[in-house]
Asker: 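First, the structure itself, so that you have it in front of you.
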Amino acid sequence: MKILANDGISALGKQLLEAAGYTVITDKVAQEDLAKAVNEQGIEIVLVRSATTVRKEVIDACPGLKLVGRGGVGMDNIDVAYAREKGVTVINTPASSSQSVAELVMGQLFSLSRFLQDSFKNMENGDFSTLKKNYAKGVELRGKTLGIIGFGRIGQSLASYALGVGMDVIAIDQTSYEIDIPVKVANQVVSVKVKTQTDLNSVLGQLDYISIHVPKQADGRSVITSEEFEKMKKGVRIANAARGGVINETDLIEALNSGIVAACALDVFENEPNPRKDLLSHPKIACTPHIGAATVEAQDRIGEELAQLIIGQFGRK
Ligand code: NAD
């Protein structure tokens with residue numbers, strides 16, 4: 001059975017699949033040539049991350065396709081319901097990358113607090129003394145309040161790190177529940193109870209930092225727009241490693257320019273892979289190219305989980 005891992009697969013995942021008798025192709029096929037390659041090469045399984053899309057047209061054009069696997073969480077690049085209706089199995093690996101995304105966000109929060117993104121860009125050509133003055137008003141994370149909007153797998157993992165560095169955490173979710181967050185300290189695990197709030201508006205004014213971890217909303221709406229920015233504490237710092245558009249990009253730029261938002265980190269963009277230039281060049285925005293899950297550890301877990309799911313479904317060859 002032939003598998004096309006069009007956005008790559010970890011060495012471990014490939015090795016497990018090959019040992020079970022599958023052929024794994026990792027030569028990237030351009031999006032427009034995907035259906036042709038699947039049909040011509042007799043590929044029955046297509047694995048993607050976030051770059052390759054598997055839409056209705058590809059599913060219709062590939063009658064031999066049996067399974068589409070998404071290494072990661074969000075399946076907004078696959079027409080899942082349509083594929084399943086046509087008898088194509090769709091799988092993903094929801095938990096494998098939570099810790100990696102949470103660690104990226106912690107990096108972003110530290111970076112935003114000390115102007116690192118701007119400093120990294122300007123040290124080579126800027127004036128040392130001027131830059132030293134520009135970055136003189138950094139802030140500490142410890143003792144500050146982090147609002148985590150969307151308290152699922154990634155939100156909870158982030159809470160564990162944030163609590164570990166001494167931040168207070170306010171969890172906001174559409175569902176109300178209480179959960180024990182494990183915080184690892186040396187060889188001990190301390191459990192911290194966190195109860196989610198369901199009314200975002202009532203807590204926005206208390207937050208020094210905000211990180212958003214909701215999926216792309218079914219109706220496409222932004223969870224944070226100018227209405228929410230108006231209720232935030234002046235000087236709030238924000239991170240979005242969820243999906244482009246869950247924070248309205250135009251409203252974000254306005255909130256940065258008006259000083260409501262001191263700095264923002266974006267790992268995801270509305271128009272990937274061609275984000276708006278005014279976001280990329282903004283001195284108060286720290287950008288990364290959708291790398292939340294891009295760690296060796298997460299990719300190994302993803303590869304292993306995909307391999308196990310595929311072997312579980314189709315057996316050893
Ligand atoms: P999850 O399903 O475990 O958690 C999402 C949470 O958001 C749920 O608890 C849900 O109730 C809540 N929610 C949804 N809409 C909401 C709203 N409008 N207001 C408040 N809460 C809301 O998902 P997860 O595993 O934590 O992943 C979250 C998202 O992160 C994914 O959907 C994906 O888009 C994104 N992600 C990004 C990367 C990256 O590389 N940057 C990697 C993995 C996942």
Side-chain angles (χ1 to χ4, degrees), residues 7-8 48-53 69-78 80 90-109 146-162 169-179 181 194-204 207 210-225 227-228 231 238-248 264-270 272-273 275 286-303 305-306:
D7 299 329
V48 300
R49 290 181 189 159
S50 57
T52 302
T53 61
R70 159 73 162 105
V73 195
M75 298 214 277
D76 35 305
N77 51 334
I78 302 166
V80 179
V90 185
I91 56 169
N92 68 341
T93 61
S96 318
S97 55
S98 307
Q99 186 170 314
S100 294
V101 181
E103 289 199 7
L104 177 73
V105 173
M106 285 310 294
Q108 291 173 330
L109 300 186
L146 169 66
I148 301 178
I149 306 175
F151 207 58
R153 289 170 292 252
I154 297 171
Q156 290 169 25
S157 182
L158 175 63
S160 158
Y161 283 98
V169 167
I170 295 183
I172 302 110
D173 203 280
Q174 57 194 4
T175 316
S176 171
Y177 63 93
E178 191 175 71
I179 188 164
I181 300 294
V194 177
K195 188 176 185 323
T196 58
Q197 313 285 321
T198 51
D199 183 10
L200 176 61
N201 287 330
S202 66
V203 297
L204 277 174
L207 311 175
I210 294 173
S211 190
I212 186 156
H213 298 286
V214 301
K216 190 179 170 72
Q217 303 292 284
D219 56 6
R221 83 184 163 91
S222 299
V223 176
I224 297 186
T225 65
E227 220 175 288
E228 285 71 32
K231 299 188 179 85
I238 303 183
N240 179 11
R243 276 292 177 272
V246 297
I247 299 180
N248 181 290
C264 179
L266 299 176
D267 186 47
V268 288
F269 304 85
E270 267 174 46
E272 291 183 26
C287 296
T288 46
H290 202 148
I291 54 165
T295 64
V296 173
E297 292 87 349
Q299 293 310 315
D300 271 350
R301 285 192 292 266
I302 287 171
E305 196 177 339
L306 283 174

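Fair warning: this is a prediction, and the values are worked out from it, not measured in the lab. Ligands are counted one by one from 1 in listed order, and the atoms in each one are counted from 1 as well.
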Asker: Nearest protein heavy-atom contact for atom 7 (O) of ligand 1: which residue, which atom, what distance?
Answerer: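 Result for atom 7 (O) of ligand 1: G150 CA, 3.5 Å.
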
Asker: For atom 5 (C) of ligand 1, what's the nearest protein heavy-atom neighbour? Residue, atom name and distance, please.
Answerer: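 Protein heavy atom at minimum distance: H213 O, 3.5 Å.
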
Asker: I need the I210 CD1 to L204 CG distance, nearest 0.5 Å.
Answerer: 5.5 Å

Asker: Quick check on contacts: which atoms of ligand 1 are under 4.0 angstrom from a heavy atom of H290?
Answerer: 39 (C), 40 (O), 41 (N)

Asker: Testing the basics here: between R301 and S100, what is the closest heavy-atom pair and its distance to 0.1 Å?
Answerer: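 The pair with the smallest heavy-atom distance is NH2-OG, 4.1 Å.
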
Asker: With sequence neighbours left out, what residues match D173 under salt bridge (charged side-chain N to carboxylate O under 4.0 Å, His left out)?
Answerer: none

Asker: Between I247 and E270, what is the shortest heavy-atom contact and its length?
Answerer: O-OE2, 4.2 Å

Asker: Please find the pair of heavy atoms, one from D7 and one from S50, that lie closest to each other, and give the distance.
Answerer: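 Of all heavy-atom pairs spanning D7 and S50, the closest is OD2-N, 3.9 Å.
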
Asker: Please give me the minimum heavy-atom distance between V73 and S97, naming the atom from each residue.
Answerer: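 Looking at all heavy atoms of both residues, the shortest contact is CG2-OG, 4.0 Å.
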
Asker: N/O of D173 under 3.5 Å from N/O of ligand 1, yes or no?
Answerer: yes

Asker: Mind checking what makes side chain to side chain contact (heavy atoms under 4.5 Å, CB included) contact with A159, not counting sequence neighbours?
Answerer: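 Here the qualifying residues are I148, F151, V169, I181.
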
Asker: Report, as yes or no, whether the 6.0 Å neighbourhood of atom CD on E272 holds more than 12 heavy atoms from other residues, nucleotides or ligands.
Answerer: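 Enclosed: over 12 neighbouring heavy atoms sit under 6.0 Å from CD of E272.
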
Asker: How far is atom 31 (C) of ligand 1 from the closest protein heavy atom, and which atom is that?
Answerer: V73 CG1, 4.0 Å

Asker: Return the residue, atom name and 0.1 Å-rounded distance of the protein heavy atom closest to atom 35 (C) of ligand 1.
Answerer: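 Looking only at protein heavy atoms, the one closest to atom 35 (C) of ligand 1 is A242 O, 3.4 Å.
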
Asker: Taking S96 as the fixed residue, which of E305, Q299, R153 is the one that meets the side chain to side chain donor-acceptor pair (under 3.5 Å) rule?
Answerer: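 Exactly one option meets the side chain to side chain donor-acceptor pair (under 3.5 Å) with S96, and it is E305.
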
Asker: Just going by heavy-atom distances, which of I154, D219, T288 is nearest to atom 30 (O) of ligand 1?
Answerer: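 The option holding the nearest heavy atom is I154.
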
Asker: Atoms of ligand 1 less than 4.0 Å from R243 heavy atoms?
Answerer: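 Those of ligand 1 that fall under 4.0 Å from R243 are 33 (C), 34 (O), 35 (C), 36 (N), 37 (C).
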
Asker: Around atom 4 (O) of ligand 1, find the nearest protein heavy atom and jot down its residue, atom name and distance.
Answerer: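 Checking every protein heavy atom, the shortest distance to atom 4 (O) of ligand 1 gives G152 CA, 3.2 Å.
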
Asker: A293 heavy atoms, cut-off 4.0 Å: which ligand 1 atoms fall inside?
Answerer: 40 (O)

Asker: Could you tell me which atoms of ligand 1, counted from 1 in the order shown, lie closer than 4.0 angstrom to a heavy atom of V101?
Answerer: 38 (C), 42 (C), 43 (C)

Asker: Could you walk me through whether S222 and Q217 satisfy the side chain to side chain contact (heavy atoms under 4.5 Å, CB included) test, starting with their C-alpha distance in whole Å, then the side-chain angles of each, then the deciding distance to 0.1 Å, before giving a yes or no?
Answerer: CA-CA 7 Å; S222 299; Q217 303 292 284; over 6 Å; no

Asker: Consider every N or O of Q174 and every N or O of ligand 1, then say whether any pair is closer than 3.5 Å.
Answerer: yes

Asker: In terms of residue, atom name and distance, what is the protein heavy atom nearest to atom 1 (P) of ligand 1?
Answerer: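 So the nearest neighbour among protein heavy atoms is R153 NH2, 3.5 Å.
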
Asker: Between T295 and E103, is a side chain to side chain contact (heavy atoms under 4.5 Å, CB included) present by the stated rule, with each step listed?
Answerer: CA-CA 10 Å; T295 64; E103 289 199 7; over 6 Å; no

Asker: Which of the atoms of ligand 1 are close to G292, meaning less than 4.0 Å from one of its heavy atoms?
Answerer: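 Numbered from 1, ligand 1 contributes 39 (C), 40 (O), 41 (N).
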
Asker: What protein heavy atom sits nearest atom 22 (C) of ligand 1, and how far off is it?
Answerer: V214 CG1, 3.4 Å

Asker: Considering both backbone and side-chain atoms of Y177, is one of its nitrogen or oxygen atoms within less than 3.5 Å of a nitrogen or oxygen in ligand 1?
Answerer: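 Not met; the criterion fails.
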
Asker: So, for A171 and V194, which heavy atoms are closest and what is the spacing to 0.1 Å?
Answerer: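 Where A171 meets V194 most closely, the heavy atoms are CB-CG1, 3.7 Å.
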
Asker: Would you say that K216 contacts M75 through its side chain, given a criterion of any heavy-atom pair below 4.5 Å between the two side chains?
Answerer: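 Answer no - side chains too far apart.
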
Asker: Specify the protein heavy atom at minimum distance from atom 18 (N) of ligand 1: its residue, its atom name, and the distance to 0.1 Å.
Answerer: Q217 OE1, 3.0 Å

Asker: So is V223 polar-close to ligand 1, meaning N/O to N/O under 3.5 Å?
Answerer: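 It does not: no N or O of V223 is found under 3.5 Å from an N or O of ligand 1.
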
Asker: As an exercise, identify every atom of ligand 1 less than 4.0 angstrom from a heavy atom of A241.
Answerer: 36 (N), 37 (C), 38 (C), 39 (C), 41 (N)

Asker: Relative to ligand 1, is R221 under 4.0 angstrom through side chain, backbone, both or neither, heavy atoms considered?
Answerer: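 It is the side chain that touches ligand 1; the backbone stays farther off.
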
Asker: Looking at ligand 1, does K216 have a heavy atom less than 4.0 Å from it?
Answerer: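 Heavy atoms of K216 never come under 4.0 Å of ligand 1.
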
